[in-house]
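The sequence lines fix the lettering, A, B, ..., with proteins before strands; numbering per chain opens at 1. Not measured: the values here are computed from a predicted model.
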Amino acid sequence: MRVFVISMLIIVTRRTFMERKYDFEAIEAKWQAYWEENHFYEVTEDTTRPKYYALEMFPYPSGNLHMGHVRNYAIGDVVARFKTMNGYNVLHPMGWDAFGLPAENAAIKHGSHPAKWTTANINNMKAQLKTLGTSYDWNREVATCDPDYYKFTQWMFLKLYEHGLAYKKSAAVNWCPSCQTVLANEQVVDGACERCEASVDKKQLEQWFFKITDYAQRLLDDLEMLPGWPDKVKTMQRNWIGRSEGCQFSLAIEGLDERITVFTTRPDTVFGITYMVLAPEHPLVAKLVAGRPEEEPVTEFINRMKHLNEMARTSTEAVKEGVFTGAYAINPMNDERIPIWIANYVLMDYGTGAIMAVPAHDQRDFDFARKYDIPIRVVIKSEDTPLDGSQLVEAYAGDGLMVNSGDFDGCSVTEGQARVIAYMEEKGIGEGTINFRLRDWLISRQRYWGAPIPIVYCPQCGTVPIPIKDLPVLLPLEVEFRPSGESPLNYVQEFYQTTCPVCGGEARRETDTMDTFVCSSWYFDRFCSPQETELPFTREAADYWMAVDQYIGGVEHAILHLMYARFLTKFLYDIKMLKVQEPFTNLLTQGMVLKDGSKMSKSKGNVVSPEEIIQTYGADTARLFILFASPPDRDLEWSDQGVEGAYRFLHRVWRLVTGSIETLQDVSRPTEYKELDPAAKALRFKTHATIKKVSSDIEERFNFNTAISAIMELTNAINTYGDQQEQDLCVLKEAVDTLLILLSPFCPHITEELWEMMGGANSIHLQSWPTYDPAALVQDEIEIVLQISGKVRDRIMAPPDASEDELRALALDNPKIKELTKGQNIAKIIVVPRKLVNIVVKP
RNA sequence: GCGGUAGUGGCGGAAUCGGCAGACGCGCUAGAUUCAGGUUCUAGUCUGUGCAAGCAGGUGGAGGUUCAAGUCCUCUCUACCGCACCA
């Protein structure tokens, strides 16, 4: 038998309940302990439920949580809790990006040990993180400096080595004199070290590289597979990869048995070459000038370039300059003699370090040619450009037809490119190629606090990888720190003195460690099976959990971390460890937390400490404010008064709920609602409209700010309804329950406490996310705007399903409209059902 | 220089598909509560004008498309971010 609980109409004496204070400190501690004791957020694979992997970028354990972390983890926690309440089996882990320079610098400065310093910081930050009330499965915690973890970072290295993707070469690398180590290209910003901002030098060193360039095309193409990533990040990655199509060909050198290879994207302009340029570092330069009168000025020029830092060398502002080498090359297309120059504007690390110069059609070459009086020959002619190069005011890079180009005259630019390449390939001069700006990933670091590179150098066997069964290569703890430009491991005899795994003879270990970005390129895989001892992760666990459904972190990692993680994921896919090709299905890049318009920093003295905020107002307030103040992808301006506002709101909720416990405690919600009075109906409408809005704001838009404002509106509506003399307690109960559930992902503690006080079943966080009742959203009447020529003149109430004709009739019958349109010609009437009627008049 | 994002009250922001600009919060004003301050509650708060109902103007600026533009198009200014001699 079905039982209908008929809506009750009861006269209520309001707020007679003895109100308990909102003691956030006690409440937050109580529930954090409860969740932990009851293993609330620990998960295992469960094939009966859909999985969801929510991940925030794990922090470097600097010692203290800052507001950026709070924002990051508050956002992630809302997503994780929301998905859990929607029936997903949610993996939400946390760990530590625990290797890196600051630990070592702190060790040098304070005489502490990096391991000790790091562990202390992790403990401190973990405690801080726990006071935030985040729903992490701490059983899966990892720290990259843990031998159980870096054993598998070394495993990654060995697998890459095995597949020819890790190699050692001597290269001119970025050297940070302050950090006393080399840096990857990605870690050099404006010619300065990304970390310490010291000016970066070039140094010729033997270093280990990962061959990320083998994956350049896939890294580029597969961005298409990521509709859930911000376009901004994808664009940045595309630019970084920097694919350009063109051709490569070599030129003979007059009087020398050597050839110079150049890359160009404009093979259609090869007949316009009037000189060529080598980078000052180009290996052939010395041979070209040997014994010539030009040798001295050239050497002088090269020395001068060497002493300029990266910034001064490569800046667009830098004036182009160069010197003639005295040598000539031969244009393979027409056998012309081409003078060879060296100049600052050609870079050794892009293309081949040498260019063909076509001043008529390249602005840089044009500027240079004008400066040094080198002829300019037009080979692409448009209707508006001169044929005589000396008349050009600037290089012409546009479309046109080939001229002065022998058999190729008359070809269009695109046609010419294809034909020249075909000709070169036929004659064996050159070939069509694709060039990338992306360089191989330099992973050697001359520092101590990192994962040792698992390689030994044997006088007999050469470079020998450590067998996987012998991992980890342990980082010795007894080390002396002296910033010398060499790895401190160079002074630890017990470490570097070893035996060769192949021949058993005496051998020397590699003493460089790996870039920490290697460690962070696969941690999300490790979270799937963090206790696994044989492999970095088990296939079964990774097949179940990967890919990360929602990744959240700062945009500063748009290139570095995200590119490296994508690369390693593709490699793991290739060696059949993973079945996904991309690690992060959806990416949310959060904005910065600002104070007084600029990023919080110690030097500016505008840092707000999360610890203090949590102590003063509680985690729920901190979370609420930070989520309410701005949409997550935009920068957020910190406001102490805004925090007060969030705190006040929670007090309002507290009073509202505690004030109604007595009357609502024993009320059960009916399965059907009938004959509600207008006020009750309006509240029920608001309740369900709020469910609808909050759900879509979280799910579809990540607009937590508008979700929270909708919850605030519901709170206001409940309060207003409370002023009614006669209240429908079922509707009120539904509204209050809904308010708490909708607020629970944002403010997990206060809602849990109030839920318990209301006598709610088990934990609020184990409740299902509510679904809205479409019937409750049906209104008898809705407001229709009446406009005359686009200006609002009146508003009327009409049934929501009123037809266009009915609305038109209602509008024309409206007294105010009648008055204002009297004697006017009605040119047109636009009716938008459920919205407005616009009467267009012509005077 | 190239690419991107943004510009809306005193402030943070809202307006999701071209349809009532300013939701929600902060701040401010007035009143109530209070010994007082704070808290809390009530009312107000884009600008001009008016006692008021109202009327007019208003989303960085200038044009345009449209019955209707914060939203679309063209030009332009400003701020921030990314790339920057990439051959």
For nucleotides [N] and [M], find the distance between their [atom1] atoms and express it as a whole number of Å.
N	M	atom1	answer
B:G82	B:A68	P	42 Å
B:A69	B:G58	P	11 Å
B:C46	B:G25	P	15 Å
B:G57	B:G70	P	13 Å
B:C2	B:U71	P	25 Å
B:U16	B:C11	P	23 Å

I need a per-nucleotide contact map over [range], read 5' to 3'. Cutoff is protein heavy atoms under 4.0 Å; write B for the base, S for backbone only, - otherwise.
range	result
nucleotides 52-58 of chain B	---SSS-
nucleotides 68-73 of chain B	------
nucleotides 5-11 of chain B	-------

Fill in: Cationic tip of A:K692 above A:Y772 ring, under 6.0 Å, 45° of axis
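Yes.
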Discussion item. What is the distance, to the nearest angstrom, from the CZ atom on A:F702 to the C1' atom on B:U16?
Written reply: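 Rounding to the nearest Å, CZ of A:F702 and C1' of B:U16 are 15 Å apart.
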Discussion item. For a quick check of understanding: with a heavy-atom distance under 4.0 Å over all strands, which category does A:N435 fall into, base, sugar-phosphate or nothing?
Written reply: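 Answer is nothing: A:N435 stays at 4.0 Å or more from every strand.
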Fill in: Selection: residues 350-361 of chain A, any non-hydrogen atom under 4.0 Å of RNA chain B
A:Y350, A:I355
Item to complete: Verify whether one side chain among A:R243 and A:Q217 offers a donor that lies under 3.5 Å from an acceptor in the other.
Response: yes
Worksheet entry | A:Y345 and A:E321 side chains, donor-acceptor separation under 3.5 Å |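 A:Y345 and A:E321 do not have a side-chain donor-acceptor pair below 3.5 Å.
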Worksheet, complete the sentence: Against the side chain of A:K232, the closest entry in B:C81, B:A87, B:A14 is B:C81
Fill in: Of A:T264 and A:M236, the one whose closest RNA chain B nucleotide lies more 5'
A:M236
Discussion item. Which is more 5' along RNA chain B, the nucleotide nearest A:V832 or the one nearest A:S696? Just name the residue.
Written reply: A:S696
Discussion item. In dot-bracket form, 5' to 3', how is RNA chain B paired? Count Watson-Crick and G-U wobble pairs only if both distances fall under 3.5 Å, and write | where the partner sits on another strand.
Written reply: (((((((..(((......[....)))((((((.......))))))((((....))))..(((((..]....))))))))))))....
Discussion item. Between A:R238 and B:G82, is there a contact of a side-chain N or O with OP1 or OP2 at under 4.0 Å?
Written reply: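 So the side chain of A:R238 is outside the cut-off, no N or O lying under 4.0 Å from OP1 or OP2 of B:G82.
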Detail all sub-3.5 Å separations between protein N/O atoms and N/O atoms belonging to nucleotides 23-27 of chain B.
residue: B:A23; atom: O2'; partner: A:E713; partner atom: OE2; Å: 3.0
residue: B:G25; atom: OP1; partner: A:N716; partner atom: ND2; Å: 3.3
residue: B:C26; atom: OP1; partner: A:R648; partner atom: NE; Å: 3.3
residue: B:C26; atom: OP1; partner: A:R648; partner atom: NH2; Å: 3.1
residue: B:G27; atom: OP2; partner: A:R648; partner atom: NH2; Å: 2.9

Discussion item. Taking donor-acceptor contacts at under 3.5 Å, does the side chain of A:K320 reach the base of B:C85?
Written reply: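 In this structure, the two groups form a donor-acceptor pair.
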